[in-house]
Amino acid sequence: MAKKKFYLTATLPDGYVKTIGPTATEFTHYWRIVAHLGQGRTEVFWGHTKSLAEARKKKNAAVEAAANRGWERYDFDIVELTRTT
């Protein structure tokens, strides 16, 4: 029997709302990196994880990416996902 699917919603501090799904996977956190490339350009990277610890590891990746890719700066957010219907 297939698992029941549901939607997950993340609301970031800047008011952006991301909905994921339908999914049967128990993701708990959403992460987002907004890379500021210069000259007003940005690039966004995002994902969802099954634990807060896993999401925090993405911060280390952001530090390395900023150095390797020459980003002026970046914003990193982690928020908890909530189930929605």
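Each residue takes its place number in the sequence, starting with 1. Computed from a prediction, not measured in an experiment: that's the story for all the values here.
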Visitor: Could you measure the distance from the CD atom of E80 to the NE2 atom of H29? Nearest 0.5 Å is fine.
Guide: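 NE2 of H29 is found 4.5 Å from CD of E80.
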Visitor: Taking only Lys NZ, Arg NE, NH1 and NH2, and the carboxylate oxygens of Asp or Glu, determine whether K3 and E26 approach each other closer than 4.0 Å.
Guide: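 No, no charged N to carboxylate O under 4.0 Å.
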Visitor: When you look at T49 and K57, which way does the side-chain contact (heavy atoms from CB on, under 4.5 Å) test go after all the steps?
Guide: CA-CA 10 Å; T49 61; K57 289 179 184 176; over 6 Å; no
Visitor: Could you check whether any side-chain heavy atom of L81 comes within less than 4.5 Å of a side-chain heavy atom of I20, counting everything from C-beta outward?
Guide: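 Yes - at least one pair of side-chain heavy atoms lies under 4.5 Å apart.
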Visitor: Hey, does F6 have a side-chain heavy atom less than 4.5 Å from the side chain of P22?
Guide: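 Not in contact.
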Visitor: Would a distance-only check, ignoring hydrogens and angles, find a side-chain to backbone donor-acceptor pair under 3.5 Å from T28 to S51?
Guide: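 Flag set: sc T28 to bb S51 pair under 3.5 Å.
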Visitor: Are L52 and I33 linked, directly or through other ILVMFWY residues, by side chains that come within less than 4.5 angstrom of each other?
Guide: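 Yes, L52 connects to I33 through the hydrophobic network.
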Visitor: Using only atom types and a distance under 3.5 Å, with no angle test, would you say the side chain of T25 pairs donor to acceptor with the backbone of F27?
Guide: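 Absent.
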Visitor: Report yes if some heavy atom in the side chain of T23 is under 4.5 Å from a heavy atom in the side chain of H48; otherwise report no.
Guide: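 The answer is no; the side chains never approach within 4.5 Å.
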Visitor: According to a hydrophobic-cluster definition based on side-chain heavy atoms being under 4.5 Å apart (Ile, Leu, Val, Met, Phe, Trp, Tyr only), do V79 and W31 belong together?
Guide: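 V79 does not cluster with W31.
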Visitor: Do R32 and Y16 come within less than 4.5 Å of each other through their side chains, counting heavy atoms only?
Guide: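 Answer yes - side chains close enough.
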Visitor: How far apart are the C-alpha atoms of T84 and T9, what are their side-chain angles, what is the distance that settles it, and do they pass the side chain to side chain donor-acceptor pair (under 3.5 Å) test?
Guide: CA-CA 7 Å; T84 54; T9 302; 3.1 Å; yes
Visitor: Sorted by first residue and then second, give each ring pair (Phe, Tyr, Trp, His ring centres under 6.0 Å) pair with at least one member in residues 58-85; sequence neighbours left out.
Guide: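 Every ring pair (Phe, Tyr, Trp, His ring centres under 6.0 Å) pair that includes a residue of residues 58-85, provided the two are not neighbours, is F45-W71.
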Visitor: Contact between E43 and L37 at the side-chain level, heavy atoms closer than 4.5 Å - yes or no?
Guide: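 Yes - at least one pair of side-chain heavy atoms lies under 4.5 Å apart.
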